[in-house]
Amino acid sequence: MLDLAWIRENPDAVREGAEKKGIPFDVDELLRLDEERRQLIRVQEQAKAEQNALGKQVATLSGDSKQQALGRLKQLKAKVQEHTEGLRPLKERIEELMLACPNPPADEVPVGPDESANKLLREVGEKPTYDFEPKDHVALMTGLGMLDIERAGKLAGSRSYVLKGDGVFLEQAILRMAMDLIHERGYTLTSVPVIVKEWALRGTAYFPGAEVQTYRIANPTAEDEDSWLVGTSEVSVTALHSGEILDEAELPIKYAGLSPCFRREAGTYGKDTRGIYRVHQFNKVEQVIVDVGDVEKSRANHEEILDNAETMMQKLELPYRVVICSTGDMGRGARCKYDIEAWMPGRDAYGETHSATRFHEYQARRLNLRYRDSDGKVRFCHTLNNTVIASTRAMIALLEVHQQAGGSVRIPEALKPYMGGRETLSV
RNA sequence: GGAGAGGUGGCCGAGUGGUCGAAGGCGCGCGCUUGGAAAGCGCGUACUCGGGAGACCGGGUCGCAGGUUCGAAUCCUGUCCUCUCCGCCA
């Protein structure tokens, strides 16, 4: 969410930002309603002020003058009520528009309609070559007794999987390695709720918009208090301090969240159907930074969380590239987004493994997440997040890249300690 | 699952339907005091919206949403959350 006062002063910046992102947004409607609203508020508050002043006198009056005052108060009450009712639809629509209003992209973001306009920043590592016919992760994992997709389908439907044996150890090893790395870099590990209230999803800017992608858990006693399964611990971790006024000395807050992630993957029928690339449930270590409202600091933090993820990839000896997402591929809330894509031989293509986003105040305003600066002024925080490692996609890249003739897989040096010192995965 | 208690400022904690944005305390800030500090004393310490260049003026906020009333922190309803006891149980 943006600052309405800022929008009033910079309608063109908002308009241009929405256009660049390809998100239809009517700034003029918002400004018109805002003007109307403020007009009404003025009138309403006048009546309210008279009501309050006269109301205070009522207690001291008696007889005729009291009756007279009460009569006038009834009138005022009706008037205030009328204005309040006139205000309600205005406020609702303004709120709706404010939640939908996209964050204008940063200057360095390439303008384009979709991911085809993403700009390559760098490629790191060598794509592997094989003197044998390489297998994809499904063949590898099945061969190694690590995966059962068929029975998972019976049990839970499509886009489900069962990890077995070394598959479980490998997943845990990768996650643990990520936890150790991010902990060494000064982040506080958290294990957070994955079942959350709707406001947390609205606050992190997933809602409105991602409702169909999100699993809903009904609350039979209160329909508007349903809970939802998060698609990433970013939601829970970022919302953790919502409503608080933090001390500037506490910032930056650096968290890492370990959690399962749930995604309905509605509207992706027929897309990425093979294997465990696109699934309803996986595990992830996510990094979140909450810091002061300073653009340069946000930029530095963005580089930091990107570097954390790149280090993880390098330790796993995975070739990858970093792209800066174009305006059409970054979503409504982001100011700027970098993706890391790992080379996946089974796809003969890069596949997204990390998404590093900086939001400036966009999430913080929705979450009412603030801090008191050194001048004692209350300001909104800046938030950022990035994956450290996501279990399934990391395993795909790792197994496919490090496979050897015969279907065994070499375990990269840095991961060995987490796999009991083993050199390879083999039958 | 059953029974009960409670949600008030950064924290603790008062609060009779009407000068309550809220006593008192802690904490914090400034000042006095002191050789310096502690103690003591004095003063100041929520957020937000609208108007205004500003001093300031006005509205709102006592978990949240409604309701009663001229007027609600206070009464009523719903809901969320916390705590206690009983039951059940990984």
Side-chain angles (χ1 to χ4, degrees), chain A residues 1-9 30-95 97-98 191-203 216-228 236 239-251 253 260 290 293 361 364-381:
Chain A
M1 194 152 65
L2 302 173
D3 180 6
L4 186 49
W6 184 84
I7 296 176
R8 279 201 284 266
E9 282 157 29
L30 177 61
L31 293 179
R32 199 173 59 243
L33 293 174
D34 174 50
E35 184 55 44
E36 228 180 292
R37 176 182 132 264
R38 284 186 297 159
Q39 191 70 29
L40 250 171
I41 282 180
R42 231 169 302 163
V43 186
Q44 186 217 32
E45 286 186 352
Q46 246 167 15
K48 200 89 212 218
E50 194 188 335
Q51 192 185 17
N52 285 343
L54 192 57
K56 278 180 185 171
Q57 288 174 33
V58 163
T60 66
L61 298 175
S62 60
D64 277 356
S65 50
K66 182 164 188 169
Q67 289 313 309
Q68 209 170 11
L70 285 176
R72 173 68 183 149
L73 280 167
K74 277 219 172 184
Q75 281 177 12
L76 285 169
K77 188 194 181 185
K79 202 165 157 189
V80 168
Q81 211 155 33
E82 190 186 311
H83 291 135
T84 305
E85 256 144 53
L87 224 39
R88 200 196 309 268
L90 278 176
K91 281 187 169 166
E92 275 171 14
R93 181 62 185 150
I94 287 169
E95 174 75 6
L97 286 168
M98 287 299 288
S191 172
V192 289
V194 293
I195 303 171
V196 300
K197 300 290 180 196
E198 188 177 323
W199 64 260
L201 286 147
R202 221 176 313 115
R216 185 177 198 162
I217 299 173
N219 178 348
T221 53
E223 250 180 72
D224 57 346
E225 286 284 356
D226 282 350
S227 294
W228 301 75
S236 316
L240 214 53
H241 293 282
S242 79
E244 296 183 26
I245 299 175
L246 302 164
D247 207 341
E248 181 164 3
E250 301 174 65
L251 300 174
I253 291 174
V290 177
E361 302 177 355
R365 279 186 180 277
R366 291 166 168 250
L367 290 166
N368 201 20
L369 170 54
R370 297 174 295 176
Y371 70 101
R372 198 181 297 278
D373 72 12
S374 43
D375 296 331
K377 205 168 166 250
V378 176
R379 306 181 58 189
F380 285 100
C381 297

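Naming convention: chains lettered A, B, ... in sequence-line order (proteins, then strands); numbering from 1 in each chain. Below, each value reflects all heavy atoms present in this structure, side chains not excepted, and no hydrogens, waters or symmetry copies.
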Across the strands shown, which category fits [X] at heavy-atom distances under 4.0 angstrom: base, sugar-phosphate, nothing?
X	answer
Arg8(A)	sugar-phosphate
Asp247(A)	nothing
Arg370(A)	sugar-phosphate

Within this structure, what is the [atom1]-to-[atom2] distance between [X] and [N], rounded to whole angstrom?
X	N	atom1	atom2	answer
Glu248(A)	G29(B)	CD	C1'	17 Å
Leu73(A)	C70(B)	CG	C1'	4 Å
Gln81(A)	G66(B)	CD	C1'	13 Å
Glu50(A)	G59(B)	CD	P	12 Å
Glu85(A)	G66(B)	CD	P	12 Å
Gln75(A)	G71(B)	CD	P	14 Å
Lys91(A)	A65(B)	NZ	P	11 Å
Leu4(A)	G50(B)	CG	C1'	12 Å

Just name whichever nucleotide pairs with [N], Watson-Crick or G-U, keeping both distances under 3.5 Å, else none.
N	value
C47(B)	G60(B)
C70(B)	G18(B)
A53(B)	none
G6(B)	C81(B)
G42(B)	C30(B)
G36(B)	none

Validation row: [X], [Y] side chains within 4.5 angstrom (heavy atoms):
X	Y	answer
Gln46(A)	Arg42(A)	no
Glu95(A)	Lys91(A)	no
Gln39(A)	Leu90(A)	no

| message | By nearest atom, which of the nucleotides C81(B), G59(B), C49(B) is closest to the Ala49(A) side chain? | response |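 The answer is G59(B).
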
| G60(B), U48(B), C80(B): which one has an atom nearest the side-chain heavy atoms of Val378(A)? |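 Taking heavy atoms from C-beta onward, the closest nucleotide is U48(B).
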
| Lys/Arg-Asp/Glu bridge criterion (N-O < 4.0 Å) met for Glu35(A), Arg38(A) |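 A salt bridge is present here (some side-chain N lies under 4.0 Å from a carboxylate O).
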
Side-chain N or O of [X] closer than 4.0 Å to phosphate OP1/OP2 of [N]:
X	N	answer
Lys77(A)	G71(B)	yes
Lys74(A)	C70(B)	yes
Lys48(A)	G58(B)	no
Arg372(A)	C47(B)	yes
Asn52(A)	G59(B)	yes

Taking atom [atom1] in both [N] and [M], compute the distance separating them and give it to the nearest angstrom.
N	M	atom1	answer
G25(B)	U16(B)	C1'	23 Å
C20(B)	U8(B)	C1'	12 Å
G21(B)	U48(B)	C1'	13 Å
C86(B)	A72(B)	C1'	37 Å
A14(B)	G9(B)	P	13 Å

| task | Please figure out whether Asn368(A) or Ala53(A) has its closest RNA chain B nucleotide nearer the 5' end. | result |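 It is Asn368(A), whose closest nucleotide lies nearer the 5' terminus.
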
| Is a side-chain donor or acceptor of Arg379(A) paired with a backbone partner of Gly293(A) at a separation under 3.5 angstrom? |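 Checking the backbone N and O of Gly293(A) against the side chain of Arg379(A), a donor-acceptor pair under 3.5 Å is found.
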
| message | Using a 3.5 Å distance criterion without hydrogens, assess whether the side chain of Arg372(A) forms a donor-acceptor pair with backbone atoms of Ile245(A). | response |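 Pair absent, no side-chain N/O of Arg372(A) close to backbone of Ile245(A).
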
| message | Please determine whether the number of non-hydrogen atoms from other residues, nucleotides or ligands lying under 6.0 Å from atom CD of Glu248(A) exceeds 12. | response |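 Yes, the 6.0 Å shell around CD holds more than 12 heavy atoms from other groups.
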
